[in-house]
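Encoded as structure tokens, the structure appears first; notes follow it.
In what follows, chains are A, B, ... by sequence order, proteins preceding strands, each numbered from 1. Side chains included, hydrogens not; waters and symmetry mates left out as well; all remaining heavy atoms used.
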Amino acid sequence: MGELKLMKGNEAVAEAAIRAGADGYFGYPITPQSEIMEYLMTEKPYETTGMVVLQAESEVAAINMVYGGAACGRMVMTSSSSPGISLKMEGISYLAGAELPAVIVNVVRGGPGLGTIQPSQSDYFQATKGGGHGDYRMYVLAPASVQEMSDFVKIGFEMAFKYLNPVMILSDGAIGQMMEKVVLFDPIPRRTPEEIEKQCPWATTGKNANRKHNVITSLLLDSHEQEQHVFKLRDKYERMQKEDVKFEKIQCDDAEFLFVAYGSSARICQKAVDIARAQGIKVGLFRPITLFPFPSEELLKLSSQIKGILSVEMSLGQMIEDIKLAVECKIPVNHFGRTGGVIHSPGEVFEALKSTYLGG
Amino acid sequence: MGELKLMKGNEAVAEAAIRAGADGYFGYPITPQSEIMEYLMTEKPYETTGMVVLQAESEVAAINMVYGGAACGRMVMTSSSSPGISLKMEGISYLAGAELPAVIVNVVRGGPGLGTIQPSQSDYFQATKGGGHGDYRMYVLAPASVQEMSDFVKIGFEMAFKYLNPVMILSDGAIGQMMEKVVLFDPIPRRTPEEIEKQCPWATTGKNANRKHNVITSLLLDSHEQEQHVFKLRDKYERMQKEDVKFEKIQCDDAEFLFVAYGSSARICQKAVDIARAQGIKVGLFRPITLFPFPSEELLKLSSQIKGILSVEMSLGQMIEDIKLAVECKIPVNHFGRTGGVIHSPGEVFEALKSTYLGG
Amino acid sequence: MDIKDIIKPENIVYQKTKLFTEKPLSYCPGCGHGTAHRMLLEVLEEMNIQDKTVGIAPVGCSVLAYEFLDIDMQQAAHGRAPAVATAVKRLMPDKFVFTYQGDGDLAAIGTAETIHACNRGENFTMIFINNGIYGMTGGQMAPTTLPGMRASTCPFGRDTEIMGNPLKITELLAQLPGVYYVTRQAVHTPNAVRKTKKALRIAFENQKLKKGISFVEIVSNCNSGWKMTPNQSNKWMEDNMFPFYPLGDIKVPQLEKV
Amino acid sequence: MDIKDIIKPENIVYQKTKLFTEKPLSYCPGCGHGTAHRMLLEVLEEMNIQDKTVGIAPVGCSVLAYEFLDIDMQQAAHGRAPAVATAVKRLMPDKFVFTYQGDGDLAAIGTAETIHACNRGENFTMIFINNGIYGMTGGQMAPTTLPGMRASTCPFGRDTEIMGNPLKITELLAQLPGVYYVTRQAVHTPNAVRKTKKALRIAFENQKLKKGISFVEIVSNCNSGWKMTPNQSNKWMEDNMFPFYPLGDIKVPQLEKV
Amino acid sequence: MAKVKGAIVVDIEKCKGCSVCIPACPQEVILLAKEVNGKGYQYAYMEKPDACTGCVNCAIVCPDGVITVYRTKVEA
Amino acid sequence: MAKVKGAIVVDIEKCKGCSVCIPACPQEVILLAKEVNGKGYQYAYMEKPDACTGCVNCAIVCPDGVITVYRTKVEA
Amino acid sequence: MTEEIIIAGFGGQGVLSMGKILAYSGIMQNQEVSWMPSYGPEMRGGTANVTVILSDEMISSPIVNEFDTAIILNQQSMDKFEKTVKPGGILVYDPNGITRHPTRKDITIYSIDATDEANRMGNVKIFNMIVLGGYLKIKPVILIENIIKGLEKSLPKRHHGLIPENKNGVMRGMEIVKQN
Amino acid sequence: MTEEIIIAGFGGQGVLSMGKILAYSGIMQNQEVSWMPSYGPEMRGGTANVTVILSDEMISSPIVNEFDTAIILNQQSMDKFEKTVKPGGILVYDPNGITRHPTRKDITIYSIDATDEANRMGNVKIFNMIVLGGYLKIKPVILIENIIKGLEKSLPKRHHGLIPENKNGVMRGMEIVKQN
Ligand SMILES: Cc1ncc(C[n+]2csc(CCOP(=O)(O)OP(=O)(O)O)c2C)c(N)n1
Ligand SMILES: Cc1ncc(C[n+]2csc(CCOP(=O)(O)OP(=O)(O)O)c2C)c(N)n1
Ligand code: SF4
Ligand code: SF4
Ligand code: SF4
Ligand code: SF4
Ligand code: SF4
Ligand code: SF4
Ligand SMILES: [Mg+2]
Ligand SMILES: [Mg+2]
């Protein structure tokens, strides 16, 4: 077993990046995620593993640095919080268009606008539907613990390289700021330049005599070529749906009602399940771990036994659309959630379930 | 009746802005919409109506200029195309958060990334679900003709000021570049500073002794205040849904099948309806004119008589989600559409309907 | 003479300007933002232009300036105040417009907006609080952080090999023809405060004369971010910041004419 | 002597470098982009670093540079090439990295990325094609458009009152300590082309020596955007662009040392 | 000869005890109180009230603008 | 005395007829052809082949790099 | 009546403006019109084409992939658009620079030596008007007086002096067009 | 066993680090722990609070709004958190600066003069350790040796010299805490 530590979620992300053998991190400070870069700057992996850590002049610069690094086949990442992530939208669309692997962490705070620095889940649409332009998707992982903040960095890079697609870790201020025990995975050495060239024959590492020049671009002036390219992306997203959906079912076996929630909300719902069960109400929690690809099939399967779903999100209700589509509107799906940085308590969530489905 | 002209869609937007009495336009060149600013610079409304026209250093600067102008209660707008719109996401979220009126035109091209300069409809999600961070929505108008490119600028400003919310005109390269007849509405004089102060008592026009200082911000550090603010926004979006949904029904009365399409695709579908009707197939076209608020209620009503819907979009299928949610998954909804800048022809669309619902 | 004989309304020689709102300043004890605010307001008061002034607050500690300054204000997205102000001034050319920005806001993320508003010669006043750090977000390195200076993202001191040299954006801007007046001041001593006020007055008078950008940098402490007491930080500022960011006028058109 | 006796392989004294791909250049007839490409490739060929070089193409007419240059290349988002190159060089410090950008890309939307990469003293080569206009999008005004010069967004000529003065970004960058070598050249005459090549050679040699940014501006025509024939446009460039953007070295470290 | 006498009034509840006024006073009039105000700050007060000349130095450097200065002439 | 003789070969199909090479030639060797190539451009050719010295000026200014230059010495 | 036309050739041949004149002229005789360019990234050179629809009814789709008429001015366009003419439709082309001539039998093919004629007339700028004349001879969808009105509308005032020579070009085109 | 604790006071009183020591110490005795700060925009001054949960089982929600224990160090926090203690729970507070003392009858209230004691001991920095000691006296959820281990973990090496005085603070707190 790996090393046991007490850490903030943000610190776990940073430590995991080093251990995953990341080649570079590029970021710009913003609450509530600045600890990621601060941790890296304190650990100075550039003196140990050789990982590059750079504070960029802006989020726009940071995401484009990620683009440059990824285009060299390097394992690179960035992190930010909501307003900063909005600024990265063009860059993310470029990454998707150019089919580049990268991990982007969003430690979500309440919006819109400057909003509040408190935790929120109101960037679900942006993350899952493509806040940037064009037909693209990110692979979106939603950690619900500090442990997962660490683990998902590693998985994120795996998925990014498997699909040559940007991966988003959609966290929130609560998970970023809280400390929990975390078992750190054992460090993986950074790949050598030779390994990178082998793994990423498409990377721009300098054209040698044995191959054609490599070009990283998302420009396809011929619209038929562009269409073929978009179809290729679509096939990739469908493959994600087939091969890499992740979710968790808690006390679902005999459940008659279901909370569907991710991230912090899922933690809260877990406690709400306990409260409900203590009162003899058969509730389960279905936690999507990948928000895209959404675990639609599993949820549909489960829905046959379910009388009603409460989608619990720290937002006005965004994931609820995916839930409805997943269960094909066959059972009632309702939303409950606080927003704007307010966090619902387990008790509130339980009360919402009761008042929605059990006549108060 | 107003003046009759042959104009490009982009030119119609520019001319309409002047006639609507707009106070300012701030933009940055990008194909296929640069004619908007070029037309304005040629017409020089700053010498006639006094409208300010400024080429900004970037799309980010442009949207923030719009923010500044809107915060003074001025009628201001910007325009761009897909990658440029992605860069405006933070700014749009700020406009929504600070409850500012503004018109943003997106003449969509194929993405993701730099993509192609050809027409596309693949920014539907971004426009309707909020490509920026936080719980917000834009009021989204989808013109399908040069005439509507003109008319919707006026309606756009009306809605922006009615709801104090950013309005997006979601067009595409085809409508932006094509020329058609357009009947221009009669010019409306720009409001005087006094009229503006009366209409927009919240505007930052200089604090006089009779009122408190006005502040335009989207920052609410107290999350409970932020939540109340977000609830206020939600109520506004619900009001849009009640009061200002727009759509068009073409040959729907006896329809057994339905195309649902907006913008350029709706034009193409209209011809496909003719082709189908000529073959005795009872097809109608339902055209959402507001993409948010989506005309869900009407579509649901209509769906009782419908055997199947073909959502026709120049994308991999984005609006289809809203259609499914609208009809509550009660009838089959399928997608057809070319993407990446390729435009489907009426014949193709008709064939797709046949092969989807009529056994080829 | 008894103190209570002195403390009478008619003997007041200095008090906080009425242009402050009732809200207590949210800044850390000893932070220069408050003093800079006060001088700004005193100038507006003396020029009697409260009703004609629109200010643009940044994202940074002074994001909340709009809570304290009793004038119409907008809060701009991080770094975009010059773009916001551009529209405000162009749409209302008879108002007085100013931006108030920190070094992260103005010289990092907002570099393009700063340079281009200055280059266009927009006719407003820019106030630039250079404290060599990102105060609001907890003390990260700023473009203006000094070589060797510690911050949370350079905990071992700014290493110019990796992180580059501090950016003297003020000197760069001074070279743009659209920029009319550039000065660098401070607010940590009575004398410095007086000079800052004078500079701000000139900056707003220039606006009346439609001269283009007037740019007032104020070198200030961020005692929290620097992890010092306020007085220590002011001393440190004199010893370390001023040699690199020397106080005084950088571009004074009157002198140019000579 | 008969011509066919001259035209023999052994008599070749000049031909297009092999570092071009087979694709014909997509540029308008007479556009300087092609010549600039060729000089760049000749330098890479002479230094024998094709296999060690990574180039960053901008958004602008030269977005398609990657189709023509037979080296590994990335196409960056509009204005972001310096940020992209920063990561490339830091992650592969032993490679030669260059950016190739137009004036809209480098000096408008990309201003922040340009200034900060230069200020950090990133160790790569920047090539800046200043044609005073946005070529690719159909001839809109650029930050470098001359006063009075027409473009599609200033059809009556650039009015500096409204649109500001042209931005001499090169001169600004030259002042940053992270920038080592700055020169301004052209490619419209044989002599100019030769000088440009020399400058590019120096710029890449500097990279070998880890000197920071070497910045080569090339003033070039956009005959389409300017609505002239190529030769007219070159003449116009000499008469109008060069007085404002004088050719020659702007920062030469060797000289500084003297 | 007319002598100038000054006094300051500190808005105790708004004083943040930052001490910036202390070195600014040429007469060394000001010190921080042992007691704290409602926000937990030791506030500034006139330790040597007689020395105050009402020069306003303290007031203009006070970041929170909590000092009001009074001045009058007294015949010496 | 050895005289230098030159010649150029224009890749006709790739020439864009921009004329930039024409004023670059000190010997006024080059003109545009009346005919057009497959792309519709009048291409460059040696109108005065004898005058060419192989100085390569034309080739290095040609934006499309379509000129190859040959040079040899002949005994005069 | 609905006439769906594609005009295709090199950039610089006046393809887009020919379409524009047609569209303006259509308006002059109270028709519905649409003009839909295909735009490429190149500024000069490259191909250009435009779809023009003239109709007595509302035009549903401005985007069609079959045409009543194709006006073709270079080889690339011939390769691309010959096949898009509806059976029974017409194809008009200038043989100058054409290496593979059209072969379809189910459409009527006309040729017009407009390049040569324009050179002969000493005015290369009216090339496109000659072609336009040829087309109108075959399909008189627009009255000649409306073409003049269309020209007046589409040309900036300062160029109105050129209208007579443009009209000449149209007339000349009507004379020289011939069925293959 | 699950213990849900809120610690609340001014920034600068060591609220967050008291929580951190508790959490680290929990780990030392193999418990599940969570530490959840509330973070505000102000750098200095302002209020600070942290929720710490120690449990023998998996912790579901780290966010709770009712607590077994509230440790309260200023008036604002008293106003906000007195009401969040579960019936039967405990509230520990330092009366220094408190103007409105707690009044609930369904919880047990303890006070500890930690400010005074720290001043008396000439070491204001151990204020929070005194409070911690008081709390542990009442609820010995953590063994004292694990507190030491927790300190070792949470303090950087160069500060390990301070551990003995911190321990002193804890011991002193155990002595002086008293039920109201
Ligand atoms: C787009 C965006 N990026 C980052 C942030 C986070 N942020 C808030 S303030 C700030 C920097 C503040 O530093 P400075 O401008 O120097 O002002 P100071 O607080 O020092 O006065 C940052 C990075 C943000 N709010 N928005
Ligand atoms: C974000 C974004 N904004 C705008 C554009 C449109 N655009 C493409 S190239 C260009 C400017 C090109 O001008 P310049 O950089 O001077 O290069 P040139 O074509 O003159 O060589 C613009 C504005 C874009 N592709 N992306
Ligand atoms: S953090 Fe720094 S800049 Fe911000 S208020 Fe505190 S001292 Fe001032
Ligand atoms: S548009 Fe201008 S810059 Fe672009 S290829 Fe043509 S001449 Fe060159
Ligand atoms: S400067 Fe002002 S806030 Fe600071 S101690 Fe003195 S009176 Fe108090
Ligand atoms: S007014 Fe002058 S003398 Fe009096 S306390 Fe203030 S600084 Fe000292
Ligand atoms: S310069 Fe080159 S492309 Fe231009 S005409 Fe001469 S040979 Fe042809
Ligand atoms: S090589 Fe020299 S002389 Fe010969 S054609 Fe070229 S420029 Fe003229
Ligand atoms: Mg700062
Ligand atoms: Mg250019």
Side-chain angles (χ1 to χ4, degrees), chain A residues 60 82-87 89-90 92-98 108 110-118 120 122-123 125-126 129-136 217-231 233-234 315-316 318 321 324-325 328-330 338-342, chain B residues 60 82-87 89-90 92-98 108 110-118 120 122-123 125-126 129-136 217-231 233-234 315-316 318 321 324-325 328-330 338-342:
Chain A
V60 171
S82 309
I85 295 289
S86 288
L87 285 171
M89 282 300 132
E90 189 203 23
I92 289 175
S93 177
Y94 266 75
L95 285 166
V108 182
L114 189 51
T116 155
I117 57 176
Q118 304 303 328
S120 179
S122 51
D123 298 355
F125 276 147
Q126 188 192 50
K129 308 282 168 190
H133 60 286
D135 278 309
Y136 80 92
T217 182
S218 60
L219 173 68
L220 285 161
L221 282 170
D222 181 297
S223 41
H224 290 272
E225 282 176 35
Q226 176 71 15
E227 184 178 48
Q228 285 314 310
H229 178 61
V230 173
F231 286 159
L233 297 182
R234 179 196 57 198
S315 78
L316 290 179
Q318 301 188 1
E321 294 193 1
K324 284 186 181 172
L325 290 168
E328 295 168 359
C329 311
K330 284 177 183 156
R338 306 296 297 267
T339 185
V342 181
Chain B
V60 171
S82 309
I85 296 288
S86 288
L87 284 171
M89 282 301 132
E90 189 203 24
I92 289 175
S93 177
Y94 265 75
L95 284 167
V108 182
L114 189 50
T116 155
I117 56 175
Q118 305 303 329
S120 179
S122 51
D123 298 354
F125 276 148
Q126 188 193 50
K129 307 283 167 188
H133 60 285
D135 279 309
Y136 80 91
T217 182
S218 60
L219 173 68
L220 285 161
L221 282 170
D222 181 298
S223 41
H224 290 273
E225 283 176 34
Q226 176 70 16
E227 184 178 47
Q228 285 315 309
H229 177 61
V230 174
F231 287 159
L233 297 182
R234 179 196 57 198
S315 77
L316 289 179
Q318 301 188 1
E321 294 193 1
K324 283 185 182 175
L325 290 169
E328 295 168 359
C329 311
K330 284 177 183 157
R338 307 295 299 267
T339 184
V342 181

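A side-chain donor-acceptor contact under 3.5 Å links A/Ser93 to the backbone of A/His133. Looking at A/Asp135, its side chain never comes within 3.5 Å of a backbone N or O of A/Val230 through a donor-acceptor pair. In this structure, A/Gln118 contributes its side chain and A/Gly340 its backbone to no donor-acceptor pair below 3.5 Å.
Separating the OG1 atom in A/Thr339 from the CD atom in B/Gln228 is a distance of 11.0 Å, to the nearest 0.5 Å. To the nearest 0.5 angstrom, B/Tyr136 atom OH is 5.5 Å from B/Ile92 atom CD1. In this structure, CD1 on A/Ile117 lies 12.0 Å from OG on A/Ser82, to the nearest 0.5 angstrom. Distance check: B/Phe125 CZ to A/Gln126 CD gives 14.0 Å after rounding to the nearest 0.5 Å.
Between chain A and the residues B/Leu95, B/Asp123, B/Val60, the most heavy-atom pairs under 4.5 angstrom are made by B/Asp123. Of the residues considered (A/Lys324, A/His224, A/Gln226), A/Gln226 shows the highest number of contacts with chain B, using heavy-atom pairs under 4.5 Å. Contact count against chain A (heavy-atom pairs under 4.5 Å) is highest for B/Pro112 among B/Ser218, B/Ser122, B/Pro112. For chain A, the option among B/Gly110, B/Ala98, B/Gly134, B/Gly84 with the highest count of heavy-atom pairs below 4.5 Å is B/Gly134. When the candidates B/Lys129, B/Met89, B/Glu328 are compared by the number of heavy-atom contacts under 4.5 Å with chain A, B/Lys129 comes out ahead. Of the listed residues B/Gly97, B/Gly111, B/Ser223, the one with more heavy-atom pairs under 4.5 angstrom with chain A than any other is B/Ser223. Highest contact tally toward chain A, considering only B/His229, B/Lys330, B/Glu321, is held by B/Glu321 [criterion: heavy-atom pairs under 4.5 Å].
Closest approach of A/Thr116 to B/Leu221, counting heavy atoms only: OG1-O, 3.7 Å.
Residue A/Ile85 does not touch chain B at all, counting heavy-atom pairs closer than 4.5 Å. Of the atoms belonging to A/Leu233, it is side-chain heavy atoms, and not backbone ones, that fall under 4.5 Å from chain B. Only the side chain of A/Gln318 has a heavy atom closer than 4.5 Å to any heavy atom of chain B. In this structure, chain A has heavy atoms under 4.5 Å from both the backbone and the side chain of B/Leu219. Contacts of A/Ser120 with chain B are absent, with no heavy-atom separation under 4.5 Å from either backbone or side chain.
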